[in-house]
There are 2 protein chains.
Amino acid sequence: MENFSLIKKTQIFDGVEENDVQAMAHCFRIRFRNYNKNNVISPQGAPLEDVILLLKGSANIENMDATGSVSVLMNIKAGQCYGLVEACHGDECYSSSLIASENCLVMLIAKHRLINPCENKCPRHLTVIKNIMHSLASRGMYFMDKINHLTKKKIREKVLSYLKSQSIRQNSTYFDIPYNKTELAEYLAVDRSALSSELSKMKAEGIIDFDKKHYHIKRDLDSI
Amino acid sequence: MENFSLIKKTQIFDGVEENDVQAMAHCFRIRFRNYNKNNVISPQGAPLEDVILLLKGSANIENMDATGSVSVLMNIKAGQCYGLVEACHGDECYSSSLIASENCLVMLIAKHRLINPCENKCPRHLTVIKNIMHSLASRGMYFMDKINHLTKKKIREKVLSYLKSQSIRQNSTYFDIPYNKTELAEYLAVDRSALSSELSKMKAEGIIDFDKKHYHIKRDLDSI
DNA sequence: TAAATAGTGTTGTTTTTACAACAAAAAGAG
DNA sequence: CTCTTTTTGTTGTAAAAACAACACTATTTA
């Protein structure tokens, strides 16, 4: 099946052979689903029975608070999981919603099977467990990074902190981000129009350039 | 040795028998250190060779940025680890500093031994690995919670979000927090004097009461 | 116990942000 | 291609926060 070649490239099945994945498929109760752009893959507060593994596309993890205001926690890409942190923590519900930001193919994995591997000695279970560990740690690092952006007091500092981090991650001063301006404002927890005017100012000052989701940091990273 | 009774109560050695911990001690290259209140347990940017397990006391994880402004990432208590996320992610340096907020006893564990357990089949290694997984997941949940606080736009919303979360965690509307006012401001990334006046207003309005590190939420949690 | 230090609350001023409203541009649907 | 919807940039105003300075209290330390 074509999907299995995608599975091999995911974080949690890294280093697992395709026939081993096939063997685990039944045990993990895997199922596949397709979603169109902007559709809800998983709604906030839904019971958490599966870990959702993104095989194609990308999606935003979003939160809506009691007052109805929306924030974007992060964007996940093909190969990454949604709900793994909650599943390993023992939560009963998804604490956020997952919204397709492109057309998506996802794989559902029964969470209790994934995090409590059966007791046979096959080494692929250990591989998956190690991959899950690494995946959880990466998510933790990602959150610390985001907390660093949010900790900055001024909008300009928040944006530059985020853009610098993206620049380092993508190893270039030219890079794409997964958010449009509205989503970037929701990600950085600032007002959209204030963000827009701050970006315009920085463009006018020659600090950055941008077009749609493409950005360019023109100054030395250390000087800003 | 007296210390081993403390180790049994930590997150990552939960469910491991004392004699098993003794057996692992050599393999993990464990060492003990004492620190007085306000001393630096680990400085920002130090090479990361050990995971630091707090056995007694509590400590703040702090970040200082290029401009010299300090933020408090979180406070960890006896039983919790510092540096586990970075170690499992494969980082070479601590990305933050660890400052004793009380007198502390810590245990150092060689990180490569902890996260790459030797290949014998003893079940306690699997137990430790599972505990590490759970510990990483808890840290992830904690960070998501903190991101929710920081995502709020107004100081009052940030404080109430944090206090509500503490109230739920401690299962009472009367609770202690690990921060004084200065540290709370550094934790919530707001100005100390602005925080102080906002707290005073909320006290005057009868929403909360507080004294030192002790707080009381007087209104229904859902209504605020 | 006295002196020094650290923590807290208050206030006024300046800076920054949120908010609201609108126009223009771009993207998507039929 | 045209109409509709979404996204983006701009501006002015009101609200909120940062900042700075100071007084007072609590806590350490000598």
Side-chain angles (χ1 to χ4, degrees), chain A residues 36-39 60 62 65 67-72 99-103 149-161 176-205 208-215, chain B residues 36-39 60 62 65 67-72 75 99-103 149-162 176-205 208-215:
Chain A
N36 289 326
K37 182 174 175 177
N38 294 325
N39 282 169
N60 284 340
E62 299 190 359
D65 70 12
T67 72
S69 91
V70 171
S71 68
V72 173
I99 316 288
S101 50
E102 300 174 285
N103 292 341
H149 312 325
L150 294 180
T151 293
K152 301 281 187 288
K153 297 232 169 102
K154 299 182 189 164
I155 291 180
R156 175 174 295 213
E157 294 170 333
K158 291 187 200 200
V159 181
L160 284 176
S161 174
D176 290 313
I177 70 171
Y179 308 120
N180 65 30
K181 303 294 184 291
T182 304
E183 291 168 330
L184 182 58
E186 286 169 353
Y187 178 82
L188 294 174
V190 298
D191 180 71
R192 183 200 60 78
S193 67
L195 172 65
S196 178
S197 81
E198 196 61 46
L199 284 170
S200 298
K201 277 183 210 163
M202 288 195 286
K203 187 189 267 189
E205 291 173 31
I208 60 169
D209 200 5
F210 58 88
D211 180 53
K212 313 265 170 59
K213 295 180 173 180
H214 189 72
Y215 289 77
Chain B
N36 289 325
K37 182 174 174 177
N38 294 326
N39 283 168
N60 284 339
E62 298 190 359
D65 70 12
T67 72
S69 90
V70 171
S71 67
V72 173
N75 177 272
I99 315 288
S101 49
E102 300 174 285
N103 291 341
H149 311 326
L150 294 180
T151 293
K152 301 281 187 288
K153 297 232 168 103
K154 298 183 189 163
I155 291 180
R156 174 174 295 214
E157 293 170 334
K158 291 187 198 199
V159 182
L160 284 177
S161 173
Y162 171 69
D176 290 314
I177 70 171
Y179 308 121
N180 64 32
K181 303 294 184 290
T182 304
E183 291 167 329
L184 182 58
E186 287 168 353
Y187 178 83
L188 294 174
V190 297
D191 180 69
R192 183 200 60 79
S193 67
L195 172 66
S196 178
S197 81
E198 196 61 46
L199 285 169
S200 298
K201 278 182 209 164
M202 289 195 284
K203 188 189 267 190
E205 291 173 31
I208 59 170
D209 200 4
F210 59 89
D211 180 52
K212 313 263 170 60
K213 295 180 174 180
H214 189 73
Y215 289 77

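Keep in mind that what you see is a predicted model, and the values were worked out from it rather than measured. Lettering follows sequence order; numbering is per chain, from 1.
Toward the 5' end of DNA chain C, the nearer of the two residues A/Arg192 and A/Glu198, judged by each one's closest nucleotide, is A/Glu198. Taking the nucleotide of DNA chain C with the nearest heavy atom to each of A/Ser193 and A/Lys153, the more 5' of the two is matched to A/Lys153. Ranked by how close their nearest DNA chain D nucleotide is to the 5' end, A/Lys213 and B/Val190 are led by A/Lys213.
The side chain of B/Lys181 contributes no N or O atom lying less than 4.0 Å from OP1 or OP2 of C/dA6. Checking the phosphate oxygens (OP1, OP2) of C/dA27, a side-chain nitrogen or oxygen of A/Lys212 falls inside 4.0 Å. Between D/dT8 and A/Asn180, a contact under 4.0 Å exists linking OP1 or OP2 to a side-chain N or O.
At a threshold of 4.5 Å between non-hydrogen side-chain atoms, the residues A/Asp65 and B/Lys152 count as touching.
Scanning atom types as modelled, no donor and acceptor separated by under 3.5 angstrom connect the side chain of B/Thr182 and the base of C/dA6.
No engagement by B/Leu199 is indicated, since no non-hydrogen atom pair under 4.0 Å with the nucleic acid exists. Among the protein residues, A/Ser196 comes within range of the nucleic acid bases, having at least one heavy atom under 4.0 Å from a base atom.
Minimum atom distance to the side chain of B/Ser197 is reached by C/dT11, of the listed C/dA18, C/dT11, C/dG28.
Using the six-membered ring where Trp is involved, B/Tyr162 and B/His149 have ring planes that are perpendicular, over 60° apart on the 30 and 60° scheme.
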